[in-house]
Each structure stands twice: as structure tokens, then as C-alpha cells.
Asks: 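Dropping the structure in here first, questions after.
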Amino acid sequence: MSSTDPLPRAAPETEGARLPPRSLEALRAELDAIDDALLAALQRRAAVVAEVAALKNGGVPLRPGREAAILRRLLGKAAGGPLPRQAVVRVWREILAGSLAQQGHFAVAVGEPGGSQKGAISLLAREHFGALTPLHLHRSASQAIGDVAAGIAAVVVLPLPAEEDAGSALWWTSLLHQDRMSPGRAEGRADLGGGRIHIIARLPFWAPRPEGAPRAAAFVAAAIAPDASGADRTLFGLEFPAETSRARLASQIAAAGLSAGTILLRREGEQKTAQALVDLAGFIAEDDPRLAAIEGLLRPAVRLGAYAEPFEDDQP
């Protein structure tokens with residue numbers, strides 16, 4: 001069988017009659033032929049990946065928006081077939097991880113908090129980026145972001161922010177203010193010198209969680225701009241007067257023609273300025289005129305990143 005031959009298929013049933021069952025030896029021989037064809041297809045894929053890498057000429061090879069689009073397309077093709085759709089996700093996550101490794105050293109930093117969720121973020125990172133991708137574990141989000149800023153890791157996986165976060169756990173405010181920071185400043189925050197860091201993905205992408213899978217959720221960030229997948233949400237950081245209520249802020253965002261999901265607020269003591277992490281529907285550019293129409297902001301909205309919407313499916 002040549003590398004361009006299609007995958008072998010079982011012989012069709014004759015009209016009006018069933019073929020006699022094949023022997024175990026014949027079935028195993030067909031499986032071996034399918035495995036050979038799969039390997040040949042993966043080798044061809046790797047050759048194309050090498051060509052793509054040569055055209056990119058360096059940089060972080062990760063494109064999570066395109067990866068999400070690939071998985072959505074394949075999951076659509078797999079619908080109704082005998083292969084479980086979660087198996088499609090697992091197989092292609094490893095294929096995509098192999099493609100990243102093929103294009104150069106690819107390591108992942110993980111900000112792993114303690115408490116009841118300890119270990120869940122690193123499990124999510126392993127699930128998404130492959131079994132053999134190097135993980136650098138850190139006790140704080142700011143230390144993990146520092147690995148990306150220093151070029152030690154290509155991406156960082158971080159726990160979802162919460163309003164009760166404090167200190168170095170407030171990693172999203174580092175992204176909001178990174179244009180104001182210089183290396184070594186801001187105690188408790190990561191050194192964000194170098195390229196601007198954006199949120200580029202949300203984990204897990206496959207929303208149905210089988211028994212035993214980590215129930216946590218996380219963001220992925222890197223020193224690259226996010227790419228669109230076709231079904232996305234965009235994260236913005238806002239600064240506004242501290243007396244502005246959540247309801248008022250939501251109303252101002254809606255009046256500007258934007259659809260907000262989660263709005264995470266941060267107020268500190270008697271400070272006159274408050275901050276918000278806002279999750280907006282769609283892939284929205286930082287110069288979108290609707291952002292300038294949000295009333296009461298103390299500075300232009302800062303795009304902190306964007307991510308592909310998780311694949312929602314109740315099928316196994």
C-alpha cells in the first residue's frame with residue numbers, strides 16, 4: 001500500500017445477503033493495514049507541518065483558534081459514527097501537541113494554586129498539551145507568567161480569576177497594566193518585559209467531562225495575539241470610577257452594543273478607581289468603535305485576549 005492510498009475499508013455486503021463473518025486473522029490483518037495507512041497519513045501531515053513552520057520563520061507556533069476550528073470540523077464529521085467523539089478530541093490533541101514539538105522546544109508553565117483544587121490545573125494542561133510536553137509547575141500565577149516573559153515557556157496555564165483573589169493571584173491585573181510596567185516593578189506581579197502577553201485559550205475545550213476528569217477551568221496565555229476560531233469570546237480589562245456599580249457597568253456595556261457575560265470586579269479600599277475583567281461575546285478587536293462608546297471609562301478598554309468557545313456536546 002502506497003502512502004497515498006486511502007484507508008482500507010471492509011467489503012460491502014452483497015445485495016439481499018450477508019457475507020459470512022470474517023476470521024479473527026482477517027480482521028487483525030485489516031487493522032494492521034489501517035494502522036499502516038494511519039501512520040503514512042501522519043507522516044504526510046508532519047511533512048506539511050514542516051513546510052508551514054518554514055513559512056512562519058520562527059515565533060510561537062501555537063494557534064489555538066485554528067486548533068479549535070480543526071476540532072470542531074472533525075467532531076462534526078464524527079457525529080453518529082462508531083468512534084466516541086471524546087476519543088477524537090484526545091487523538092487530535094496528541095497530534096497537535098506532536099506538531100508543536102516538531103517545530104521546536106515547546107514547554108508549558110503552570111500556575112498551580114493550593115487548596116482543594118491542587119493539581120487540577122496541571123492535569124488540564126497535560127490533557128490539552130499532550131502527555132509528553134514539558135510542564136513547569138509554579139505555586140503562583142505571577143511566577144508562571146514570568147516563565148513566558150523570560151522565554152522559558154511558550155505558554156502559561158492559569159486558574160480562572162475570582163473576585164476574592166488577592167496578591168499574586170490577581171494575574172489578570174498584570175495583563176491590564178503590563179504596558180505601564182517595566183522589568184522588576186510591581187511587587188507580587190510577574191515581570192512582563194518583552195512581548196505583550198494575551199489570553200489565547202480556555203480549558204477544557206471539550207466541555208463534557210467524563211468521570212475522573214479535572215473539573216477546574218483555566219486560561220492559557222502567551223506572548224502572541226489571539227486568533228479567531230469562528231466562535232469566540234473576548235476578554236477586556238476596564239478601569240472606571242469606584243462608585244460605579246456592577247449593574248451600571250453592565251448597562252453601559254450593553255448600551256454600547258456589546259454583549260457581556262461574566263463581569264469580574266476589583267475594588268481596593270478607598271481607591272477612587274475600580275477595575276473589571278469583562279467577557280464579551282465575539283472576537284472583538286481592540287479598536288472596535290463600540291468599546292469607545294462605553295461611558296464612564298477612565299482609560300481605553302484593554303484587550304486582554306480571546307478564546308474559542310468550548311465545544312458543548314452531550315454525546316460521549
Side-chain angles (χ1 to χ4, degrees), residues 65 141-142 145 149 158-182 185-193 195-202 217-229 231-310:
S142 60
I145 294 174
L158 301 161
L160 293 190
E163 288 195 350
E164 62 268 21
D165 288 342
S168 62
L170 283 166
W171 59 264
W172 65 272
T173 62
S174 293
L175 303 192
L176 175 58
H177 295 294
Q178 60 186 301
D179 58 331
R180 301 176 178 177
M181 297 171 65
S182 60
R185 291 181 58 193
E187 182 180 355
R189 291 180 175 170
D191 173 1
L192 299 176
R196 184 175 170 187
I197 295 176
H198 295 89
I199 296 163
I200 57 172
R202 176 171 173 150
F219 282 134
V220 179
I224 58 174
D227 61 321
S229 74
D232 304 278
R233 300 193 68 85
T234 309
L235 296 160
F236 277 88
L238 308 179
E239 289 190 354
F240 49 93
E243 63 269 16
T244 304
S245 68
R246 188 191 306 272
R248 176 61 178 165
L249 181 61
S251 175
Q252 291 168 336
I253 292 171
L258 297 163
S259 176
T262 303
I263 298 178
L264 195 71
L265 298 182
R266 176 178 179 253
R267 294 185 174 92
E268 285 191 2
E270 300 300 321
Q271 290 190 11
K272 298 181 179 180
T273 301
Q275 299 164 330
L277 175 63
V278 182
D279 189 319
L280 299 177
F283 191 84
I284 302 171
E286 198 159 34
D287 59 355
D288 190 301
R290 292 173 294 178
L291 298 167
I294 302 175
E295 295 181 359
L297 298 186
L298 299 177
R299 63 177 292 200
V302 178
R303 188 171 76 158
L304 304 186
Y307 63 90
E309 292 184 358

Asks: For the residue pair L170 and P161, establish whether any side-chain heavy-atom pair is separated by less than 4.5 Å.
Replies: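 L170 does not reach P161 side chain to side chain.
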
Asks: Can you list everything that forms a side chain to side chain contact (heavy atoms under 4.5 Å, CB included) with A247? Sequence neighbours excluded, please.
Replies: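 Here the qualifying residues are S245.
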
Asks: With the side chain counted from C-beta on, respond yes when E295 and T244 share a heavy-atom pair under 4.5 Å apart, and no when they do not.
Replies: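 The answer is no, as the side chains (C-beta and beyond) never meet within the 4.5 Å cut-off.
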
Asks: Less than 4.5 Å apart, side chain to side chain, heavy atoms only: is that true for E239 and V302?
Replies: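 E239 vs V302: side chains apart.
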
Asks: Closest heavy-atom contact between A141 and L158?
Replies: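 A141 and L158 have their closest heavy atoms at CB-CD2, 3.6 Å.
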
Asks: Over all heavy atoms of both residues, which pair between I197 and A149 is shortest? Give the atoms and the distance, please.
Replies: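 It is CD1-N, 4.3 Å.
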
Asks: Name each donor-acceptor pair under 3.5 Å that joins a side chain in residues 277-290 to protein atoms two or more places apart or in another chain, with its distance.
Replies:
residue : atom : partner : partner atom : Å
D279    : OD1  : R233    : NE           : 2.5
D279    : OD1  : R233    : NH2          : 3.4
D279    : OD2  : Y307    : OH           : 2.5
E286    : OE1  : R196    : NH1          : 3.3
E286    : OE2  : R196    : NH2          : 3.2
E286    : OE2  : R303    : N            : 2.7
D288    : OD1  : R290    : N            : 2.9
D288    : OD1  : R290    : NE           : 3.0
D288    : OD2  : R290    : NE           : 3.4
D288    : OD2  : R290    : NH2          : 2.9
R290    : NH1  : G257    : O            : 3.4

Asks: Could you tell me which residues satisfy salt bridge (charged side-chain N to carboxylate O under 4.0 Å, His left out) with R267, sequence neighbours excluded, listed by chain and number?
Replies: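 Applying salt bridge (charged side-chain N to carboxylate O under 4.0 Å, His left out) to R267 gives none.
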
Asks: Testing the basics here: between I199 and P226, what is the closest heavy-atom pair and its distance to 0.1 Å?
Replies: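 Shortest heavy-atom contact: O-CB, 3.9 Å.
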
Asks: Measuring from I200:CD1 to D227:CG, what's the distance to the nearest 0.5 Å?
Replies: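 One finds 8.0 Å between CD1 of I200 and CG of D227.
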
Asks: Over all heavy atoms of both residues, which pair between T234 and G305 is shortest? Give the atoms and the distance, please.
Replies: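 The answer is CG2-O, 3.2 Å.
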
Asks: Quick check: do L264 and W172 have side-chain heavy atoms less than 4.5 Å from each other?
Replies: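 The answer is yes; the side chains approach within 4.5 Å.
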
Asks: Kindly write out the residues that satisfy salt bridge (charged side-chain N to carboxylate O under 4.0 Å, His left out) with D232, not counting sequence neighbours, or none if the list is empty.
Replies: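 D232: no salt bridge (charged side-chain N to carboxylate O under 4.0 Å, His left out) contacts found.
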
Asks: Taking only residues two or more places apart in sequence, or in another chain, which ones meet E163 in a salt bridge (charged side-chain N to carboxylate O under 4.0 Å, His left out)?
Replies: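 Counting only residues at least two positions away or on another chain, E163 forms a salt bridge (charged side-chain N to carboxylate O under 4.0 Å, His left out) with R246.
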
Asks: Indicate the atoms forming the closest heavy-atom contact of A225 with H198, along with that distance.
Replies: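 That would be CA-ND1, 4.0 Å.
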
Asks: Going by the rule side chain to side chain contact (heavy atoms under 4.5 Å, CB included), which residues pair with P300 if we only count those two or more places apart in sequence or in a different chain?
Replies: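 With sequence neighbours excluded, P300 shows a side chain to side chain contact (heavy atoms under 4.5 Å, CB included) to no residue whatsoever.
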
Asks: Do you know the tightest heavy-atom contact between I263 and A276?
Replies: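 Smallest heavy-atom distance, with atoms named: CG2-CB, 4.4 Å.
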
Asks: When the side chains of residues 248-255 are checked against the rest of the protein, which donor-acceptor pairs come out under 3.5 Å, sequence neighbours left out?
Replies:
none

Asks: Report the C-alpha separation of F236 and L258 in whole Å, then their side-chain angles, then the decisive distance to 0.1 Å, and conclude whether the side chain to side chain contact (heavy atoms under 4.5 Å, CB included) test is met.
Replies: CA-CA 12 Å; F236 277 88; L258 297 163; over 6 Å; no

Asks: To the closest 0.5 Å, what do you measure between CG (L160) and CG (D165)?
Replies: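 With rounding to 0.5 Å, CG (L160) is 10.0 Å from CG (D165).
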
